[in-house]
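In what follows, chains carry the letters A, B, and so on, assigned in the order in which the sequence lines appear, proteins first and then strands, with residues in each chain numbered from 1.
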2 protein chains.
Amino acid sequence: MTGQVRTVDGRVAGRRGQATRQKLLDCLREMLDTSPYRDVKVIDVARMAGTSPATFYQYFQDVESAILEIANDMAKDGQRLKALTEGQGWTGKGGYAAAEALVDGFLDFWREYEPILRVVDLASAEGDKRFYKVRQSILTAVTTGLTEAIEEVQAKGKAGDEVAPNAMAGTLVAMLAAVSGHQKGFETWKIKMKDVRPALSTLVFMGITGKKPPR
Amino acid sequence: MTGQVRTVDGRVAGRRGQATRQKLLDCLREMLDTSPYRDVKVIDVARMAGTSPATFYQYFQDVESAILEIANDMAKDGQRLKALTEGQGWTGKGGYAAAEALVDGFLDFWREYEPILRVVDLASAEGDKRFYKVRQSILTAVTTGLTEAIEEVQAKGKAGDEVAPNAMAGTLVAMLAAVSGHQKGFETWKIKMKDVRPALSTLVFMGITGKKPPR
DNA sequence: CATCCGATCTGACTGATCGTCAGATTTCTG
DNA sequence: CAGAAATCTGACGATCAGTCAGATCGGATG
């Protein structure tokens, strides 16, 4: 799957090439930490990496492609979120703990990759399928996990015509992603993340079980 | 508040000037509908408006400032969302209907201003205070409305140490904004908006009342 | 209607970045 | 160390940002 690293013109990159490429990616990521996406210039990234713009274009089609690369690595790391939906039952006290773990996992993950996820979100919303795919690869795992959990709960209960499990799961995941992506915003405002965590956990729990969490 | 329209160098714009300015804003908005934010060029906007780049810079500092202008108009329109949290009680069947109305209001609003909201979201997350303020002016009204609703419900009930009302409200609003902003994404995927609406309404209702909605 | 004047627009320019390519430089191989 | 392969870069044409002085427009005046 993860084929060898190649240059734009298809040659396989050697040791030195890989190092340069990686350095460019690192610098790009740092750049995104500090500058608005719209203002990230190839020339700045190259300068920071101590190389020339031409070198950048040897390894990447354009800035977007390079970010996509970083995003792919991130998505690989993101697969660990999947585990947070599996294994434990979702009812009762253990269920609420599971909800809390899921929430914390999201918050941490988003905090770590915040600038990249911003770009991924934008590009996805703008219809770029490559980025949409990356975003989905992170969210899908969690969404399907939650979908199964909801289906299980609904099967157990007398279950009338409930909310569609996958819609509820998708909504919960979108909520988690959104709040995670605006952590700074919340804190700049009058809302403490300390209070947001239980709010999220409660909504996740209620979305899955349909009940108020136990105290 | 809404002072006269001024050029960059402080002169008050007359009829012709206002028309030109508006045309530029319209073209910019159309541009954002079709091109990625990062690719929107002043020169293209000017060309589309049948004028020259120099004219653009007569009315706007840069592309961001112009978008901010559009965003401000949008925010003004967005104040109508406030009404959706007021007036009706949130308990029982009427409460669920209110939740549905709120959800629909959000979905419609976001659909209408999608490309602008994308940029507002990004710029806010990137720390641009001007855009953050616009975003807040839309969300705050709704958030405070919901906060009051939750406080009211909690006061009525025996209310132990519940979730912080403003955190819950902020979370619900973030959820609504997120899902609204990814409507296309949901549909491209396997989730129907037809199913998402009740999921959202249910979460809103449960977040406020702590109970499952009545059937 | 001719003239004038402020409002408005634009051609033209400088500087910055993009994206490319041929050729220089470095590293590897034997 | 020579030769080949890999890697890097200076330099270039094209595009866009942003500025300014001067051209044009449109209404007011006599």
Side-chain angles (χ1 to χ4, degrees), chain A residues 3-28 30-32 34-69 119 123 128 130, chain B residues 3-28 30-32 34-70 119 123 126 128 130:
Chain A
Q4 303 126 308
V5 175
R6 287 175 181 279
T7 57
V8 165
D9 54 338
R11 207 174 52 258
V12 176
R15 274 176 221 156
R16 187 157 64 127
Q18 293 216 13
T20 303
R21 202 183 116 104
Q22 191 55 49
K23 189 169 206 171
L24 284 167
L25 287 176
D26 292 344
C27 290
L28 173 54
E30 191 177 338
M31 210 86 215
L32 283 170
T34 54
S35 312
Y37 171 47
R38 199 171 202 276
D39 295 345
V40 170
K41 310 289 182 193
V42 169
I43 201 172
D44 294 325
V45 176
R47 238 194 302 263
M48 182 182 296
T51 180
S52 87
T55 301
F56 182 96
Y57 287 106
Q58 188 140 35
Y59 295 106
F60 308 104
Q61 201 79 33
D62 50 30
V63 174
E64 282 199 344
S65 304
I67 297 179
L68 188 63
E69 199 77 7
V119 177
D128 187 311
R130 303 170 303 168
Chain B
Q4 304 126 309
V5 174
R6 286 176 181 278
T7 58
V8 165
D9 53 337
R11 207 176 52 257
V12 176
R15 274 177 221 153
R16 188 157 62 126
Q18 293 215 15
T20 303
R21 202 182 115 105
Q22 191 55 49
K23 190 170 206 173
L24 284 167
L25 286 176
D26 292 344
C27 290
L28 174 54
E30 190 177 337
M31 210 86 215
L32 282 170
T34 54
S35 312
Y37 171 46
R38 200 171 201 277
D39 296 344
V40 170
K41 312 287 182 193
V42 170
I43 203 174
D44 294 326
V45 177
R47 236 195 302 264
M48 183 181 297
T51 179
S52 87
T55 300
F56 182 95
Y57 287 106
Q58 188 138 35
Y59 295 106
F60 308 104
Q61 201 79 32
D62 50 29
V63 174
E64 282 199 344
S65 305
I67 297 179
L68 189 63
E69 199 77 7
I70 300 174
V119 177
E126 282 179 343
D128 188 310
R130 302 170 303 169

message: I need the CZ-C1' distance between R11(B) and dC20(D), as an integer number of Å.
response: 14 Å

- prompt: Where the side chain of K41(B) is defined as all heavy atoms beyond and including C-beta, which of dA17(D), dG26(D), dC8(D) is the nearest nucleotide?
  reply: dA17(D)

query: Rounded to whole angstrom units, what separation is found between the CZ atom of R6(A) and the P atom of dT7(D)?
result: 12 Å

query: S35(B) side chain to L32(B) main-chain N or O, any donor-acceptor pair under 3.5 Å?
result: no

query: Does the side chain of T55(B) get closer than 4.0 angstrom to OP1 or OP2 of dT10(C) through an N or O atom?
result: yes

message: Can you tell me which nucleotide in dT19(D), dC8(D), dC9(C) comes closest to the side chain of T20(B)?
response: dC9(C)

message: Return whichever of P53(A) or D44(A) has its heavy-atom-nearest nucleotide of DNA chain C closer to the 5' end.
response: D44(A)

- prompt: Separation of R16(A) atom CZ from dT25(C) atom P, in whole Å?
  reply: 13 Å

- prompt: Is any side-chain heavy atom of V63(A) less than 4.5 Å from a side-chain heavy atom of R38(B)?
  reply: yes

query: With a 4.5 Å heavy-atom cut-off, do E69(B) and R21(B) have their side chains touching?
result: yes

- line: Taken to the nearest whole Å, CG/D39(A) to C1'/dA16(C) is 13 Å

- request: Round to the nearest Å and state the distance from Q22(B) atom CD to dT8(C) atom C1'.
  value: 17 Å

Separation of atom CG in D9(B) from atom C1' in dG6(C), rounded to whole Å: 13 Å

statement: 5'-most contact on DNA chain C (nearest-nucleotide basis), A13(B) vs R38(B), goes to A13(B)

task: Let me know the distance between CZ of R21(A) and P of dA6(D), rounded to the nearest Å.
output: 17 Å

statement: Of the candidates dA17(D), dT10(C), dT9(D), the side chain of A54(B) sits closest to dT10(C)

Nucleotide dT29(C), atom P - distance to CZ of R15(A) in whole Å: 7 Å

task: Please determine, for the side chain of R47(B), which listed nucleotide (dG18(D), dC16(D), dA6(D)) has the closest atom?
output: dC16(D)

- prompt: Looking at dT7(D), dC18(C), dC9(C), which one has an atom nearest to any side-chain atom of I43(A)?
  reply: dC18(C)

- prompt: Near E30(B) CD, under 6.0 Å, is it more than 12 heavy atoms from other residues, nucleotides or ligands?
  reply: no

message: What I want to find out is whether K23(A) reaches D26(A) closely enough, with some N-O distance under 4.0 Å, to be called a salt bridge.
response: no

- line: Among dT10(C), dT9(D), dA7(C), the one nearest any side-chain atom of Q58(A) is dT9(D)

field: Side-chain N,O (Y59(B)) to OP1/OP2 (dT8(C)) below 4.0 Å
entry: no

- request: Kindly say if Y57(A) contacts the phosphate of dC21(C), meaning a side-chain N or O under 4.0 Å from OP1 or OP2.
  value: no

- prompt: Is any side-chain N or O of T51(A) closer than 4.0 Å to OP1 or OP2 of dT9(D)?
  reply: yes

